[in-house]
Q: 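Structure in structure tokens, see below.
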Amino acid sequence: PPTVTTVNLVKIYQNGGVPVPAVRGVDLTVEAGQFVAVMGPSGSGKSTLVHMIGGLDARTSGEIWLNGKRADTLSESAWALLRRREIGFVFQFFNLVANMTVADNVELPALLAGAPPREARERREYLLGELGLTDRADAAPAQLAGGEQQRVALARALANKPSLLLADEPTGNLDSRNARDVLRLLGEVHRDGQTIVMVTHDARVASLADRVVSLLDGEIVDDGAVGTARRRP
Ligand code: ADP
Ligand code: ADP
């Protein structure tokens, strides 16, 4: 089955009694292994769409299917379990655990999923190395700069090799060297066959994607393959 399917997905926020339509009937199917960049102007509903797919924002109506399973009708706890097993998140507000070191933050998801400690540690060392964070392993998240926190969040999201990576502007606060590390890692994740749905304004990120979905006023207005996309072998 596709990794993600949304059917006529709608989100209407209530802003002091005034309805604010943020997502207006989105039908989106993302096949396993696809790398989808979600683009569009500020306020077009990108974050809301990706938050709903991950179960972080409740939908107003419509359906969400993940790996062939209906997700939007699950209880909060059942969805939390599904998320933990199958989805990695990189969101600005999807927090790191404040009183744990960077190393422990990155290792935790694999340990929670039952990975052997040695495997969890090796994965953590690999990810921190790839993202240039090895010398920050013993720091607390609060001691890190914004861009470092962002890279730790990416490492943490990838610790479990989730079948689906959802990300909101993962290169937003990064200088070009750090952005390059993130892009290289995303390319690897993609070649490994993980599915990626990523909100981005960054043309470098979009150029790695197979497909760019453009939103405007909560609707998909363009959906196309990227000519220069790197395909999996
Ligand atoms: P984007 O990610 O494309 O910038 P958003 O999904 O953040 O767009 O927002 C889409 C629309 O929904 C905007 O009009 C925004 O102001 C509104 N919106 C987003 N979050 C909320 C919220 N929590 N409450 C009310 N309105 C919101
Ligand atoms: P993003 O586009 O990455 O969501 P924003 O600055 O638009 O960043 O939103 C930051 C946070 O504020 C999000 O949690 C979003 O849901 C919320 N938000 C955005 N617009 C509104 C709004 N009009 N009213 C209330 N909350 C909002």
Side-chain angles (χ1 to χ4, degrees), residues 3-30 34-66 71-74 76 79-80 82-83 87-96 146-147 149-151 153-154 156-157 162 164-174 178-179 182-183 186 189-190 195-226:
T3 304
V4 178
T5 303
T6 72
V7 182
N8 200 14
L9 189 60
V10 170
K11 176 69 176 186
I12 301 172
Y13 290 104
Q14 294 295 333
N15 209 345
V18 180
V20 180
V23 171
R24 305 198 288 181
V26 164
D27 296 306
L28 177 67
T29 295
V30 180
Q34 234 177 18
F35 182 165
V36 177
V38 179
M39 303 188 83
S42 180
S44 57
K46 305 180 296 295
S47 297
T48 301
L49 174 62
V50 173
H51 286 187
M52 282 195 288
I53 291 171
L56 302 181
D57 253 346
R59 80 207 188 296
T60 302
S61 62
E63 299 173 13
I64 301 168
W65 297 71
L66 298 176
D72 58 89
T73 50
L74 293 175
E76 192 53 48
W79 200 334
L82 181 74
R83 274 206 294 270
I87 307 181
F89 290 96
V90 191
F91 292 145
Q92 223 107 355
F93 299 100
F94 204 73
N95 4 343
L96 299 168
Q149 289 184 8
Q150 214 169 353
R151 282 177 289 144
L154 177 62
R156 182 178 149 112
L164 174 61
L165 178 70
L166 296 176
D168 197 346
E169 295 283 4
T171 56
N173 296 322
L174 302 181
N178 290 329
V182 168
L183 292 175
L186 290 175
V189 164
H190 183 33
T195 310
I196 305 175
V197 178
M198 182 165 295
V199 173
T200 187
H201 289 292
D202 189 335
R204 295 165 305 178
V205 175
S207 73
L208 286 177
D210 299 312
R211 179 176 168 202
V212 175
V213 169
S214 300
L215 291 185
L216 184 65
D217 296 337
E219 295 181 296
I220 294 179
V221 292
D222 196 30
D223 183 351
V226 180

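Being a predicted model, the structure only gives us computed values, none of them experimental. Whatever order the structure lists them in is the order used to number ligands and atoms, beginning at 1. In what follows, residues are counted from 1 in the order of the sequence shown. Computed over heavy atoms, backbone and side chain alike; hydrogens, waters and symmetry mates excluded.
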Q: Show me which atoms of ligand 1 lie under 4.0 Å from any heavy atom of Thr48.
A: 5 (P), 6 (O), 9 (O)
Q: Return the minimal non-hydrogen interatomic distance between Ala206 and Met39, and the atom names on each side.
A: CB-SD, 3.7 Å
Q: Measure across Gly25 and Asn8 and return the closest heavy-atom pair with its distance rounded to 0.1 Å.
A: CA-OD1, 3.2 Å
Q: Minimum heavy-atom separation for Ile220 and Asp27, please, with both atom names.
A: CD1-O, 3.7 Å
Q: Which ligand 1 atoms are under 4.0 Å away from a heavy-atom of Ser44?
A: 1 (P), 3 (O), 8 (O)
Q: Which of the atoms in ligand 1, numbered in the order shown and given with their element, are less than 4.0 Å from a heavy-atom of Ala22?
A: 10 (C), 11 (C), 12 (O)
Q: Show me which atoms of ligand 1 lie under 4.0 Å from any heavy atom of Pro41.
A: 3 (O)
Q: Taking all non-hydrogen atoms of both residues into account, name the closest pair between Asn178 and Arg151 and its distance.
A: OD1-NH1, 3.2 Å
Q: Considering only heavy atoms, which of Gly16, Gly43, Gly45 lies nearest to atom 13 (C) of ligand 1?
A: Gly43
Q: Locate the shortest heavy-atom distance separating Glu76 from Arg83; write the atom from each residue and the value.
A: OE2-NH2, 3.7 Å
